[in-house]
Amino acid sequence: MNTEATHEATVQPTPLQLGDRTFRSRLFVGTGKYDDAETMNGALAASGCEVVTVAIRRVDLDAKDNLLSQLDRERYFLLPNTAGCFNAEDAIRVSHLSRELGLGEWVKLEVLGDKKTLLPDPVGTLEACQILVDEGFKVLVYTSDDPVMALRLQDAGATSVMPAGSPIGSGQGVLNPNSLSIIIEQLDVPVIIDAGVGTASDVTIAMELGAEGVLLNTGIASAKDPIAMAHAMRHALEAGWFAARAGRIPRRRYALASSPSEGVIGE
Amino acid sequence: MIDNQSPDEGIEVCLNGDPQQLPLGCTVSSLVKSLPVEPTAVAVELNRTIVARSLHETTIIEPGDHIEVVTIIGGG
């Protein structure tokens, strides 16, 4: 029994292979919505993440403090998003601008279709994905939980397909585990569950479904204690990764005693 | 109406979606230096075409140009 102890202390999820890169953490964390740089940096460190997402926006002419200037850029891989774009053309423009900003050719592609739900526009998403892939970008693409759309995006050359667990920032967790598990089963490229995480168990559920990783922002940044929640998210991801590989027991309608039924006194 | 006869020979452009007066002959480089941001932390689009950093010094902004100056901020 004790032989497992050393093993337990050192074992970690395997690194994540995405395109030609390897990432030590499977948790991707957004840098939006933090109250201050100290909390942001503390939460990112506690999450153990390597990839952080960032946005590209017009320079604020009124010079409000930009928290990102206090991010340790040497420590993280910055993944720019096209958040806020509602058509393929704008998402492609933002991708070009992010490349000009020195962020390379990796992009988290979002082409949104509706301001209330922030659900993706599938037509614009597929169009932008095809064009950016042709231009040499590594496209990690935000999509809905539609398995057919996920296949189309893989066919278009996406480096990762990232279906939403539930609407962005909604905190509803994984609303459609059936569709997500079909996507995970069907795709060859890594599937990262993006959006909707409310608490640590949502991350575990996503990983138990077989996802290769989870991307979240609000669940940490808007928690009452973002650093504690980041810590929880890190461990929740590891728990889900191991559980997915350990093989859960089948569900049964009735109980099955854990202790032997023989030798009970009084029989 | 815009006073295009202003004594300082300014030009009217659209900067990040808003009208803005710039001096005649203003380059992308001098515009960027006037903004509250580290000049190396921006990317510039002029009339929807990216101006490479190496061309900021020599690119002169013309009246009516649409300029976007963007940077990296926190996001999800």
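Residue numbers start from 1 in every chain, and the chains themselves are labelled A, B, ... in the order their sequence lines are given, proteins ahead of strands.
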key: Pairwise side-chain contact, A/Val59 with B/Val70, heavy-atom cut-off 4.5 Å (strictly under)   = no

inquiry  = Under 4.5 Å from any heavy atom of chain A, what part of B/Ile72 do you find: side chain, backbone, both or neither?
reply    = both

inquiry  = Please classify the contact of B/Val51 with chain A as side chain, backbone, both or neither, using a heavy-atom distance under 4.5 Å.
reply    = backbone

ask   = Does any heavy atom of chain A fall under 4.5 Å from the side chain of B/Val37, the backbone, both, or neither of them?
value = side chain

note = Per-residue tally against chain A (heavy atom, under 4.5 Å) across B/Thr40, B/Asp18, B/Asn16 peaks at B/Asn16

Atom pairs and distances, side-chain donor-acceptor, residues 37-46 of chain A, under 3.5 Å, sequence neighbours left out:
{"from": "A/Thr39", "atom 1": "OG1", "to": "A/Asp36", "atom 2": "OD1", "distance (Å)": "2.8"}
{"from": "A/Thr39", "atom 1": "OG1", "to": "A/Asp36", "atom 2": "OD2", "distance (Å)": "3.1"}
{"from": "A/Asn41", "atom 1": "ND2", "to": "A/Ala37", "atom 2": "O", "distance (Å)": "3.3"}
{"from": "A/Asn41", "atom 1": "ND2", "to": "A/Gln70", "atom 2": "O", "distance (Å)": "3.0"}

key: chain B contact via A/Asp60 - side chain, backbone, both or neither, heavy atoms under 4.5 Å   = backbone

query = Does any heavy atom of chain B fall under 4.5 Å from the side chain of A/Leu103, the backbone, both, or neither of them?
reply = side chain

remark   = When the 4.5 angstrom heavy-atom criterion is applied to B/Leu35 and chain A, the contacting part is side chain

message = Is A/Lys108 in contact with chain B via its backbone, its side chain, both, or neither, using a 4.5 Å heavy-atom distance?
response = side chain

request  = Determine whether more than 12 heavy atoms belonging to other residues, nucleotides or ligands lie under 6.0 Å from atom NE2 of A/His231.
outcome  = no

key: Heavy-atom closest pair, residues A/Ala55 and B/Gly74   = CB-O, 3.9 Å

ask   = When heavy-atom pairs shorter than 4.5 Å are enumerated against chain A, which of B/Arg53, B/Arg48, B/Glu38 gives the highest number?
value = B/Arg48

ask   = Can you list the steps and then say if B/Glu68 with A/Arg93 is a side chain to side chain contact (heavy atoms under 4.5 Å, CB included)?
value = CA-CA 11 Å; B/Glu68 296 281 355; A/Arg93 278 174 78 192; 4.1 Å; yes

ask   = Does A/Thr31 use its side chain to pair, donor to acceptor, with the backbone of B/Gly75 at less than 3.5 Å?
value = yes

For a quick test of your reading: what N or O donor-acceptor pairs under 3.5 Å do the side chains of residues 168-176 of chain A make, sequence neighbours left out?
{"from": "A/Ser170", "atom 1": "OG", "to": "A/Ser166", "atom 2": "OG", "distance (Å)": "3.3"}
{"from": "A/Ser170", "atom 1": "OG", "to": "A/Pro167", "atom 2": "O", "distance (Å)": "2.7"}
{"from": "A/Ser170", "atom 1": "OG", "to": "A/Gln172", "atom 2": "N", "distance (Å)": "3.3"}
{"from": "A/Asn176", "atom 1": "OD1", "to": "A/Ser179", "atom 2": "N", "distance (Å)": "3.1"}
{"from": "A/Asn176", "atom 1": "ND2", "to": "A/Ser179", "atom 2": "OG", "distance (Å)": "3.1"}

ask   = Which value, rounded to the nearest 0.5 Å, describes the distance between B/Gln20 atom CD and A/Leu61 atom CG?
value = 6.5 Å

query = Taking every heavy-atom pair that is under 4.5 Å apart, which of A/Arg58, A/Lys33, A/Arg99 has the most such pairs with chain B?
reply = A/Arg58

task = Might you work through the side chain to side chain contact (heavy atoms under 4.5 Å, CB included) test for B/Thr71 and A/Arg57, ending with a clear yes or no?
result = CA-CA 6 Å; B/Thr71 192; A/Arg57 288 290 181 275; 5.9 Å; no

key: Which atom of A/Asn217 lies closest to which atom of B/Gly76, heavy atoms considered   = OD1-CA, 3.0 Å

task = Taking all heavy atoms of B/Ala52 and all of A/Glu100, pick out the closest pair and write down the distance.
result = CA-OE2, 3.5 Å

